[in-house]
Amino acid sequence: MSNYRYQGAGLGGGGLAGGRGYSGIEVHEMMHPHHFTYVSQCVKYMIFLLNFVFWLFGGLLLGIGAYAFKDKWEEANGSVRLENFYDVFLNISLVMILAGMVIFLVSFSGCLGALRENTFLLKCYSMCLLLFFLLEMAIAIVCFVCPQYMHTFLEKQFTHKIIHSYRDDPDLQNFIDFAQQEFKCCGLSNSGYQDWSKNEYFNCSSPSVEKCGVPYSCCINATDISSGLVNIMCGYGVQKAPVPEARKLIWTSGCIEIVRDWAEHNLYVIAGNALGIALIQLLVIYLAKTLEGQIELQKLRWLA
């Protein structure tokens with residue numbers, strides 16, 4: 001049935017003299033045809049594709065972490081220690097599983113919420129992103145405003161646990177070796193390479209052949225140039241040597257101090273990257289809230 005009413009108009013009538021016109025037009029239908037939608041397809045599929053990529057990444061991270069944890073569980077005959085926060089935080093495979101699960105679930109809610117135009121999922125998604133953003137800002141503020149506090153906190157809370165667990169967790173051991181080689185440091189605290197005396201294998205009272213030594217990753221020249229092989233014994237007995245002698249063989253400064261100096265020298269680069277990530281997060285939150293508002297408008301149109 002037509003949405004328009006036809007009305008004749010003669011001389012002296014309500015219309016134009018001698019003409020005919022339309023009145024009672026449904027303005028809403030004229031402005032918005034039947035196929036019109038408030039939901040922007042560009043915003044919808046931009047959110048979908050972005051979250052689809054992160055959904056795949058989260059699934060990959062979760063799978064790798066689960067495989068590594070399973071391998072570690074089998075090697076330890078089911079005796080992986082998870083007694084406190086530090087045991088969980090320093091277990092790299094478990095951290096990968098937890099991070100993968102969070103990324104997988106959050107991106108899935110954004111992906112499905114955008115595709116199905118579900119406002120509940122979009123609200124959960126934007127709320128999670130906002131919480132991540134606020135947490136990142138809090139950490140950044142503490143690091144930039146109170147660097148000495150962060151330095152002291154990391155030294156007190158993590159030095160003993162990380163050094164002590166070096167041989168207990170192969171994943172953590174590989175990570176420490178990588179960090180020491182990359183940043184050319186040894187140990188964590190201001191004590192530098194002497195931190196390794198806290199490890200039961202490198203302690204001078206240990207019956208191990210590694211006593212009074214440090215990991216090979218502390219050595220300045222751990223790899224033999226002629227053979228290309230890594231000399232894992234290059235740090236043996238170095239704790240007994242005076243500091244000037246030790247400096248000829250190994251890196252003597254702690255990694256926390258080295259990383260802090262690196263961050264101070266690259267402050268503008270780090271701040272620029274952090275700002276870029278923050279702006280991207282805010283943009284995605286804005287797009288999610290925009291799509292959510294468009295869906296609500298479309299629902300109101302259907303109910304009208």
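Source: prediction; values computed, not measured.
Open room surrounds NZ on Lys211; 12 or fewer heavy atoms of other groups in view lie less than 6.0 Å from it. The neighbour count for Met150 CE, taken as heavy atoms of other residues, nucleotides or ligands under 6.0 Å away, is above 12. Residue Met137 qualifies as enclosed at atom CE: its count of foreign heavy atoms under 6.0 Å is above 12. Enclosure of atom CZ in Phe132 by more than 12 non-hydrogen atoms of other residues, nucleotides or ligands within 6.0 angstrom is indicated. Taking a 6.0 Å sphere around CZ of Phe48, one finds it holds more than 12 heavy atoms contributed by other residues, nucleotides or ligands.
Taking each heavy atom of Cys218 and Gln180 in turn, the nearest pair found is SG-NE2, 3.4 Å. Between Ser253 and Ile258 the shortest heavy-atom distance is CB-CD1, 3.8 Å. Residues Gly110 and Leu122 share a closest heavy-atom pair of O-CD2, 4.3 Å. Looking at every heavy atom in both residues, Ser217 comes nearest to Asp177 through OG-OD1, 2.7 Å. Between Asp195 and Leu188, the shortest heavy-atom distance links the atoms OD2-N, 2.9 Å. The minimum heavy-atom distance linking Thr159 with Lys198 is given by the pair CG2-NZ, 4.0 Å.
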With side-chain contact (heavy atoms from CB on, under 4.5 Å) as the criterion, how do Lys44 and Gln294 come out once you've worked through the C-alpha distance, each side chain's angles and the decisive distance to 0.1 Å?
CA-CA 10 Å; Lys44 174 179 175 178; Gln294 291 174 347; over 6 Å; no
Go through it in stages, so that I can follow the logic: the residues are Asn199 and Asn203, the test is side-chain contact (heavy atoms from CB on, under 4.5 Å), and I'd like the CA-CA distance, side-chain angles, deciding distance and then a yes or no.
CA-CA 6 Å; Asn199 183 279; Asn203 190 285; over 6 Å; no
Please determine whether side-chain contact (heavy atoms from CB on, under 4.5 Å) holds for the pair Asp169 and Leu90, giving the CA-CA distance in whole Å, both sets of side-chain angles, and the decisive distance to 0.1 Å.
CA-CA 9 Å; Asp169 188 339; Leu90 297 177; 6.0 Å; no
Contacts under 3.5 angstrom, residues 138-145 side chains, donor-acceptor by atom type, not counting sequence neighbours:
none

Which atom pairs, one a donor and one an acceptor, fall under 3.5 Å between side chains of residues 265-273 and the rest of the protein, sequence neighbours left out?
{"unit_1": "His265", "atom_1": "ND1", "unit_2": "Asp261", "atom_2": "O", "d": "2.7"}
{"unit_1": "Asn266", "atom_1": "ND2", "unit_2": "Trp262", "atom_2": "O", "d": "2.7"}
{"unit_1": "Asn273", "atom_1": "ND2", "unit_2": "Val269", "atom_2": "O", "d": "3.3"}

Only distances under 3.5 Å count here; give the side-chain donor-acceptor pairs of residues 232-252 to other protein atoms, sequence neighbours excluded, each with its distance to 0.1 Å.
{"unit_1": "Gln239", "atom_1": "NE2", "unit_2": "Phe202", "atom_2": "O", "d": "3.1"}
{"unit_1": "Gln239", "atom_1": "NE2", "unit_2": "Gly213", "atom_2": "O", "d": "2.7"}

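Asn91 and Ser93 share a side-chain donor-acceptor pair at under 3.5 Å.
The distance from atom OG of Ser208 to atom CZ of Arg167, rounded to the nearest 0.5 Å, is 7.5 Å.
Residues forming a ring pair (Phe, Tyr, Trp, His ring centres under 6.0 Å) with Phe153 (at least two apart in sequence, or on another chain): none.
Apart from Phe108 itself, the hydrophobic cluster it occupies contains Phe52, Trp55, Leu56, Phe104, Leu105, Leu112, Phe120, Leu121, where clustering links Ile, Leu, Val, Met, Phe, Trp and Tyr at side-chain heavy-atom distances under 4.5 Å.
In this structure, the ring of Trp196 has its center less than 6.0 angstrom from the ring center of Tyr166.
A donor-acceptor contact shorter than 3.5 Å is absent between the side chain of Asp171 and the backbone of Ile92. With hydrogens and angles ignored, the 3.5 Å screen pairs no side-chain donor or acceptor of Thr119 with any backbone N or O of Glu292.
Legend: side chain to side chain donor-acceptor pair (under 3.5 Å) pairs involving residues 120-137, not counting sequence neighbours, sorted by first then second residue: Asn51-Tyr125, Glu136-Gln281.
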